[in-house]
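Contents: one structure, followed by commentary.
For the single chain, residues carry numbers from 1 onward in sequence order.
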Amino acid sequence: MTDSLQVVPIEAAKEVVKAAKNGQIDLLIQQLISTSIELGKHILLAIVLAVVGRYAIKFINRLVAKLLERKDVEPTVQSFLKSFVNIMLVTLLFLTVISTVGVNTTSLAALLASAGVAVGMALSGNLQNLAGGLILLFFKPYKVGDYIEAQGVAGTVKAMHIFHTILTTPDNKELYIPNGSLSSGHIMNYSMNELRRVDLSIGVEYGTDVEKVRQVTLDLLQGDSRIMQQPAPLVAVKELGDNGVILTIRAWAKSSEYWDVFFDTNERIYDEYNKHGIGFPFPQVQIHQ
């Protein structure tokens with residue numbers, strides 16, 4: 001059917017030119033009408049295919065999404081495959097439509113092949129991102145829902161597409177990071193492991209009983225059910241600062257509860273230290289006269 005669609009308009013056009021040369025006006029008009037009708041059929045059919053194809057692509061995309069969910073495929077793989085299938089279907093529809101109009105797709109393919117080097121150079125960045133996406137999909141350094149830090153930014157992975165990964169920042173901004181940069185750079189995944197260590201540095205005044213501070217802090221940490229007791233929390237002297245003694249406090253909690261534990265522990269330390277008369281240092285200047 002495709003061959004006939006391509007041949008008829010071309011042959012009709014040749015007949016029109018031949019009739020014009022021979023001065024056959026009636027035949028010329030007849031051929032013009034015939035050619036217009038034939039071309040109109042092809043254009044109308046192409047429009048119908050384009051409209052029906054759009055709905056078909058939406059249907060297939062929904063079908064693929066349901067199939068992937070039913071098979072319990074990882075969300076990261078789902079977003080990648082859905083993006084890939086959509087691009088392939090749109091490309092196939094485009095080729096079908098232009099073939100229906102009468103464009104020789106074989107010649108078009110040859111033209112694209114001859115321009116492949118130039119296109120490849122122009123799209124080298126996108127090809128790198130595609131390769132990076134495949135690498136990330138294979139090695140899985142993160143998945144949808146993980147909180148990661150990469151390329152100087154941090155956020156929760158919202159989706160992973162063929163060419164880029166979408167992150168949602170804590171202040172609800174969306175970042176689009178090329179997969180090529182992610183696959184060749186450092187990625188810090190804060191959600192990969194179940195537990196994460198909470199590190200705090202707290203200063204107390206010189207002359208404060210360090211053992212008393214340690215005991216008050218440990219009692220506080222042991223009273224929080226979100227803090228793991230194995231590994232046991234640690235309270236130790238980190239350094240002797242310019243204005244006070246700096247203590248380091250280390251405790252383990254679930255990665256999903258890290259920030260809640262971090263903020264709550266700071267607040268509780270402030271309250272408990274005040275209750276027990278433990279003073280916080282502040283900048284001081286000693287003048288000798």
Practice problem: Answer yes if the side chains of Y176 and T165 hold a donor-acceptor pair under 3.5 Å, and no otherwise. | Solution: no
Exercise. State, with a plain yes or no, whether a side-chain heavy atom of L175 is found less than 4.5 Å away from one of I166.
Key: no
Practice problem: Determine the minimum heavy-atom distance between S191 and Y147, stating which atoms define it. | Solution: OG-N, 3.0 Å
Quiz prompt | Ion pair K158/E174, N-O distance below 4.0 Å | solution = yes
Practice problem: Report the distance from atom CG of D260 to atom CZ of R226, rounding to the nearest 0.5 Å. | Solution: 6.0 Å
Self-check item: Y270, OH: over 12 other non-hydrogen atoms inside 6.0 angstrom
Solution: no
Exercise. Determine whether T208 and V245 make a side-chain contact, defined as any pair of heavy atoms from C-beta on separated by less than 4.5 Å.
Key: no
Quiz item: If Ile, Leu, Val, Met, Phe, Trp and Tyr residues are connected whenever their side-chain heavy atoms lie under 4.5 Å apart, and connections chain through other members, are I202 and V216 in the same group?
Solution: yes
Exercise. State yes or no: do L92 and V51 share one hydrophobic cluster built from I, L, V, M, F, W and Y residues joined by side-chain heavy-atom distances below 4.5 Å, directly or via other members?
Key: no
Exercise. With rounding to the nearest 0.5 Å, note down the distance linking OH in Y190 to OG1 in T156.
Key: 12.0 Å
Exercise. With side chain to side chain donor-acceptor pair (under 3.5 Å) as the test, would you mind laying out the steps for N129 and N179 before giving the verdict?
Key: CA-CA 5 Å; N129 292 332; N179 288 334; over 6 Å; no
Exercise. Answer yes or no: is there an ion pair linking E257 with K254, defined by an N-O contact shorter than 4.0 Å?
Key: no
Exercise. Answer yes if V210 and Y206 sit in the same cluster of Ile, Leu, Val, Met, Phe, Trp and Tyr residues linked by side chain heavy atoms under 4.5 Å apart, and no otherwise.
Key: yes
Quiz item: CG of N172: more than 12 outside heavy atoms within 6.0 angstrom?
Solution: no
Quiz item: Is a side-chain N or O of R214 found less than 3.5 angstrom from the main chain of V235, in a donor-acceptor match?
Solution: yes
Self-check item: Atom pair CG (L200) and OG1 (T248), whose distance is rounded to the nearest 0.5 Å
Solution: 8.0 Å
Quiz item: Say you draw a straight line from CG of D271 to NE2 of H276; how long is it, rounded to the nearest 0.5 Å?
Solution: 12.0 Å
Quiz item: Does a salt bridge link D146 with K143, judged by any charged N lying under 4.0 Å from a carboxylate O?
Solution: yes
Self-check item: Which atom of S255 lies closest to which atom of R196, heavy atoms considered
Solution: OG-CB, 3.8 Å
Quiz prompt | Distance (rounded to the nearest 0.5 Å) between N266 CG and R268 CZ | solution = 11.5 Å
Quiz item: Does M160 share a hydrophobic cluster with V153, counting links as ILVMFWY side-chain heavy atoms below 4.5 Å and allowing steps through other members?
Solution: yes
Quiz item: What's the shortest heavy-atom distance between A154 and P170, and which atoms?
Solution: O-CD, 4.0 Å
Exercise. Report, as yes or no, whether the 6.0 Å neighbourhood of atom CG on D242 holds more than 12 heavy atoms from other residues, nucleotides or ligands.
Key: no
Quiz item: What is the minimum heavy-atom distance between V261 and I227, and which atoms define it?
Solution: CG1-CG1, 4.0 Å
Quiz item: Should Y273 and L220 count as side-chain neighbours, where that means a heavy-atom distance under 4.5 Å?
Solution: no
Practice problem: Side-chain contact test, heavy atoms from C-beta onward, threshold under 4.5 Å: evaluate it for I278 versus N274 and give yes or no. | Solution: no
Quiz item: Which of parallel (below 30°), tilted (30 to 60°) and perpendicular (above 60°) describes Y258 and F262?
Solution: parallel
Practice problem: Identify whether Y142 and M188 are in the same connected component of the hydrophobic contact network (ILVMFWY, side-chain heavy atoms under 4.5 Å). | Solution: no
Exercise. Would you check if the side chain of S184 reaches a backbone N or O of G180 as a donor-acceptor pair within less than 3.5 Å?
Key: yes
Self-check item: Stepwise side chain to side chain contact (heavy atoms under 4.5 Å, CB included) check, L89 with I60
Solution: CA-CA 9 Å; L89 290 175; I60 295 174; 3.6 Å; yes
Quiz item: Taking C-beta and beyond as the side chain, do L136 and I187 meet within less than 4.5 Å on heavy atoms?
Solution: yes
Quiz item: V64 and F59: side chain to side chain contact (heavy atoms under 4.5 Å, CB included), yes or no, with the steps?
Solution: CA-CA 9 Å; V64 170; F59 175 77; over 6 Å; no
Self-check item: For A150 against L182, the heavy-atom pair lying closest together
Solution: CB-CD2, 3.6 Å
Quiz prompt | Side chain to side chain, T265 and V198, heavy atoms closer than 4.5 Å | solution = no
Self-check item: pair N243-F282: side-chain heavy atoms closer than 4.5 Å
Solution: no
Quiz prompt | Any donor-acceptor N/O pair, N189 side chain to P141 backbone, under 3.5 Å | solution = yes
Practice problem: Over all heavy atoms of both residues, which pair between G203 and P281 is shortest? Give the atoms and the distance, please. | Solution: O-CD, 3.0 Å
Exercise. Kindly write out the residues that satisfy side-chain hydrogen bond (donor to acceptor under 3.5 Å, both in side chains) with S181, not counting sequence neighbours, or none if the list is empty.
Key: none
Quiz item: Quick one: are I249 and I269 in side-chain contact, heavy atoms under 4.5 Å?
Solution: yes
Practice problem: Measure from the side-chain N and O atoms of N86 to the backbone N and O of K82, and report whether any donor-acceptor pair falls under 3.5 Å. | Solution: no
Self-check item: Straight-line distance of K140 NZ to I135 CD1, nearest 0.5 Å
Solution: 15.5 Å
